[in-house]
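Throughout, numbering of the chain's residues begins at 1 and tracks the sequence.
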Amino acid sequence: MTRIAFLLLCHKDPEGIIGLARQLVAAGDCVAIHFDARASHADYARLHAALAGQEGVVFTRRRIKCGWGEWSLVGATLEAAQSALAAFPDASHFYMISGDCMPIKSARYAHRLLQAEPADYIESVDFHTSGWIRTGMREDRLHYRHYFNERRHKRAFYASLELQRRLGLSRRPPEDLRIMIGSQWWCLRRATLEKVLAFCRERPDVVRFFRTTWIPDESFFQTLVRHLVPESEIRSRTLTFLMFTDYGMPVTFHNDHYDLLLSQGYLFARKISPGAAELKVRLGSLYASDRDDFTITDEGRALYAYLAGKGRVGQRVAPRFWEREASLGRERTLLILSSKKWHLGQEIAARIAGATGIPALGYLFNEADTPLPDLGGIETSVEKRTRHRRALLRLLYEVHGTDRLLICLDPGSFDLFEDFSADRAHCNILHLETRPDEAFLAGHARRLGLIGENSAPDMLQQLLPALRNDLRHEEERLREAGFAHFRTLGPGTSARAATVTLADYLGITQKAAAALGVSRLIRDE
């Protein structure tokens, strides 16, 4: 008999994980959950409380802090594998999924496919000759040791790599292994997974090598399975359907993708959009059903490539909502708070949010670490947010369940002011005039990389006139642009005038506006 133990790696959305785990267990399968140790303690407590007593569900003994591209993802997978092997002695297959995955076939269909032949499903192709890596680092993933996370510590990551190159500290993979690469979403038989864990115990040298390999979750299991299992018992493919955009980002699936997903020759799909509630409900019900009448066409990738190509010349059929409508929405209001002094803009935005309940999102188009909800990847960098600015804001309106948002913008982001002011949404702009002193200008010069902490004082003095002129030009350009609903406040604005301006900007009473204390805050700056 076939029984699947799912190794579920997740770091967010406890309610979604609870629902997915219960759906998988309801079909007779089981789940081992690893919840990222970096994630919220409250989220883990809620998840554990809901599922700790659930038959067919087990949590890993140890939680690991995971980072993209790090060994920690392999470590978390091994933790889940050990827990699943111990807890579910009747599990025949072990299927790795994430919290963004959903089934696109029934359990009956999945069990029948896995039972049909004794094989492991893991994409495993030659690291050097396959061309699997399309962009970014290739051989250097293996030839040098990677101690830093490229996303969190980019400067240290590349400095370490360059130092190793200069010192000739390259290395070779273990000689008896042929390094392979492929998708990290695999399904292995019980005997295979047991062989992998035994190999890890017997060969600490191999584990040490992969611990400092970059993105080892794409090569560790792929290499070991190929080393331990006869080629005739390996199907070099993943059973999880996923596609990538031209930017190398996973394609996100939405409510209208249900029929397309079911027609693909896979058992699961990722990534499902966080907002695709209807799709998640339908797919969750599907897995526990007895449905077995799937017509496999496998046209998903070809269809996506065709439509994406048509989209480049404005001929796409059935566009996503952000392509179908370029506007934020006529009925919505966008409040823009403009200030060169980011701490001042954030403080005033926080006061407005606390008093009015309007969600305030900070300098999301200027600061990379601005807190944002998971929006399917569009929120992960300033570059992506800016490139898909209107799509991002439309998602944020929906996530917050509101028709009013407040964002902060640096006065230098003139193209964003122009874009949002031209939108059909009602755009209100409040600019806080800056009277920069020398200390502020010095900090501004450091942020721009024009001077360092140890730069000579006369270098700053030479820069000061240019910096002042630059800030003055940014403010003049905003004032002279002729934006509708544009207002300014400055240190010289009287308390009465500031109250009237702020009340008009927010659409609140003057009494409520005065209570915000914005005028005093600006004067103190």
Practice problem: May I ask you to decide whether Arg389 forms a salt bridge with Asp415, counting only side-chain N to carboxylate O separations under 4.0 Å? | Solution: yes
Practice problem: Report yes or no: does Asn255 contribute a side-chain atom to a donor-acceptor pair with the main-chain N or O of Leu279 at less than 3.5 Å? | Solution: yes
Quiz item: Got a salt bridge between Arg387 and Glu383, using NZ or NE/NH1/NH2 to carboxylate O under 4.0 Å?
Solution: no
Quiz item: Could you walk me through whether Asp126 and Thr129 pass the side-chain hydrogen bond (donor to acceptor under 3.5 Å, both in side chains) check?
Solution: CA-CA 6 Å; Asp126 188 272; Thr129 63; 3.1 Å; yes
Quiz item: Should Asn149 and Lys154 count as side-chain neighbours, where that means a heavy-atom distance under 4.5 Å?
Solution: no
Quiz item: Does the side chain of Leu364 come within less than 4.5 Å of Leu372's, by heavy atoms?
Solution: yes
Quiz item: Does a side-chain N-to-carboxylate-O contact under 4.0 Å join Arg394 and Glu398?
Solution: no
Quiz item: Taking atom CZ of Arg390 and atom CG of Leu395, what is their separation to the nearest 0.5 Å?
Solution: 14.5 Å
Less than 3.5 Å apart, which donor and acceptor atoms pair up between the side chains of residues 232-243 and the rest of the protein, not counting sequence neighbours?
from, atom 1, to, atom 2, distance (Å)
Glu233, OE1, Arg189, NH1, 3.2
Glu233, OE1, Arg189, NH2, 2.8
Arg235, NE, Glu117, OE1, 3.3
Arg235, NE, Glu117, OE2, 3.4
Arg235, NH1, Ser232, O, 2.9
Arg235, NH2, Glu117, OE1, 2.7
Ser236, OG, Ser124, N, 2.9
Ser236, OG, Ser124, O, 3.3
Arg237, NH2, Gly265, O, 2.7
Thr238, OG1, Trp185, O, 2.6
Thr238, OG1, Thr240, N, 3.0
Thr240, OG1, Tyr95, OH, 2.8

Exercise. Could you tell me whether the side chain of Ser219 and the main chain of Ile181 form a donor-acceptor pair under 3.5 Å?
Key: no
Quiz prompt | Aromatic ring pairing His257/His254, orientation class (parallel under 30°, perpendicular over 60°, tilted between) | solution = tilted
Quiz prompt | Close side-chain approach of Arg38 and His11, heavy atoms under 4.5 Å | solution = no
Quiz item: Between Asn366 and Ser413, do the side chains contain an N or O donor and an N or O acceptor separated by less than 3.5 Å?
Solution: yes
Quiz item: If we only count heavy atoms from C-beta on, is the Phe294 to Leu286 side-chain gap below 4.5 Å?
Solution: yes
Exercise. Output yes when a side-chain donor or acceptor of Ser381 lies under 3.5 Å from a complementary backbone atom of Lys384, and no otherwise.
Key: yes
Quiz item: Are Tyr144 and Trp214 close enough that their ring centers fall under 6.0 Å?
Solution: no
Quiz item: Is there a side-chain contact (heavy atoms from CB on, under 4.5 Å) between Val206 and Leu224 once you walk through the steps?
Solution: CA-CA 9 Å; Val206 173; Leu224 266 57; 4.1 Å; yes
Quiz item: Do the numbers put Arg282 on top of the ring of Tyr258, so that NZ or CZ is under 6.0 Å from the six-membered ring centre and no more than 45° off the axis?
Solution: yes
Quiz item: Is it true that a side-chain atom of Thr380 and a backbone atom of Gly377 form a donor plus acceptor pair closer than 3.5 Å?
Solution: yes
Quiz item: Does the separation of the ring centres of Phe6 and Phe268 fall below 6.0 angstrom?
Solution: yes
Quiz item: Does the His146 side chain pair with the main chain of Asp140, one donor and one acceptor, at a distance under 3.5 Å?
Solution: yes
Quiz prompt | Residue pair Arg203 / Asp176: nearest heavy atoms and the distance that separates them | solution = NH1-OD2, 2.8 Å
Self-check item: Note, Arg226 side chain near Glu231 side chain (heavy atom, < 4.5 Å)
Solution: yes
Quiz item: Ser183 and Glu123: which non-hydrogen atoms are nearest, and at how many Å?
Solution: N-OE1, 2.9 Å
Exercise. May I ask you to check whether Thr212 and Arg171 show a side-chain donor-acceptor distance below 3.5 Å?
Key: yes
Practice problem: Check the pair Leu9 / Met96 against side-chain contact (heavy atoms from CB on, under 4.5 Å), numbers first and verdict last. | Solution: CA-CA 8 Å; Leu9 271 57; Met96 184 181 169; 3.8 Å; yes
Self-check item: Contacts of Lys195 that satisfy side chain to side chain contact (heavy atoms under 4.5 Å, CB included) - sequence neighbours left out
Solution: Leu228
Quiz item: Are Ile272 and Lys280 close enough, and set up right, to give a side-chain contact (heavy atoms from CB on, under 4.5 Å), and what steps lead you there?
Solution: CA-CA 8 Å; Ile272 308 300; Lys280 291 181 179 181; 3.9 Å; yes
Quiz item: Is there a side-chain contact between Tyr158 and Glu150, using heavy atoms and a 4.5 Å cut-off?
Solution: yes
Quiz prompt | Shortest non-hydrogen separation from Leu85 to Glu194 and the atoms involved | solution = CD2-CG, 4.0 Å
Exercise. Given side-chain contact (heavy atoms from CB on, under 4.5 Å), test Tyr363 with Leu409 step by step and report yes or no.
Key: CA-CA 6 Å; Tyr363 286 85; Leu409 280 184; 5.5 Å; no
Exercise. Give the minimum heavy-atom separation between Ser98 and Leu20, together with the two atoms involved.
Key: O-CD2, 4.4 Å
Practice problem: Report the distance from atom NE2 of His143 to atom CG of Leu161, rounding to the nearest 0.5 Å. | Solution: 12.0 Å
Quiz item: Which atom pair, heavy atoms only, marks the closest approach of Cys10 to Ile33?
Solution: SG-CG2, 3.9 Å
Quiz prompt | Full working for salt bridge (Lys or Arg N to Asp or Glu O under 4.0 Å) between Asp120 and Arg190 | solution = CA-CA 10 Å; Asp120 297 302; Arg190 185 181 195 92; over 6 Å; no
Practice problem: Starting at OG1 of Thr223, measure out to CD of Glu218 and round the result to the nearest 0.5 Å. | Solution: 11.5 Å
Would you give me the side-chain donor-acceptor pairs under 3.5 Å for residues 44-55, sequence neighbours excluded?
from, atom 1, to, atom 2, distance (Å)
Arg46, NE, Glu15, OE2, 3.1
Arg46, NH2, Asp43, OD1, 3.0

Extract all donor-acceptor atom pairs below 3.5 Å that involve side chains of residues 23-31 and protein atoms in other chains or at least two apart in sequence.
from, atom 1, to, atom 2, distance (Å)
Asp29, OD1, Ile4, N, 2.9
Asp29, OD1, His111, NE2, 2.9
Asp29, OD2, His111, NE2, 3.1
Asp29, OD2, Tyr287, OH, 2.5

Quiz item: Between Glu70 and Arg151, is there a side-chain N and carboxylate O pair less than 4.0 Å apart?
Solution: no
Exercise. Determine the minimum heavy-atom distance between Leu193 and Ala81, stating which atoms define it.
Key: CD2-CB, 3.7 Å
Quiz item: Taking the six-membered ring of Tyr266, is NZ or CZ of Lys105 closer than 6.0 Å to its centre and within 45° of its axis?
Solution: no
Self-check item: Residue of the set Trp71, Phe209, Trp186, Phe199 for which ring pair (Phe, Tyr, Trp, His ring centres under 6.0 Å) holds with Phe220
Solution: Trp71
Practice problem: Tell me, please, which residues at least two apart from Ala156 pass side chain to side chain contact (heavy atoms under 4.5 Å, CB included). | Solution: Phe148, His153
Practice problem: May I ask you to decide whether Asp293 forms a salt bridge with Arg291, counting only side-chain N to carboxylate O separations under 4.0 Å? | Solution: yes
Quiz item: Any side-chain heavy atom of Tyr121 within less than 4.5 Å of one from Leu114?
Solution: yes
Table please: side-chain donor-acceptor pairs of residues 62-69 below 3.5 Å, with sequence neighbours left out.
from, atom 1, to, atom 2, distance (Å)
Arg62, NE, Glu79, OE2, 3.2
Arg62, NH2, Glu79, OE2, 3.1
Arg63, NE, Phe35, O, 2.8
Arg63, NH2, Asp36, O, 2.8

Quiz item: Do Leu188 and Val229 touch side chain to side chain, with heavy atoms closer than 4.5 Å?
Solution: no
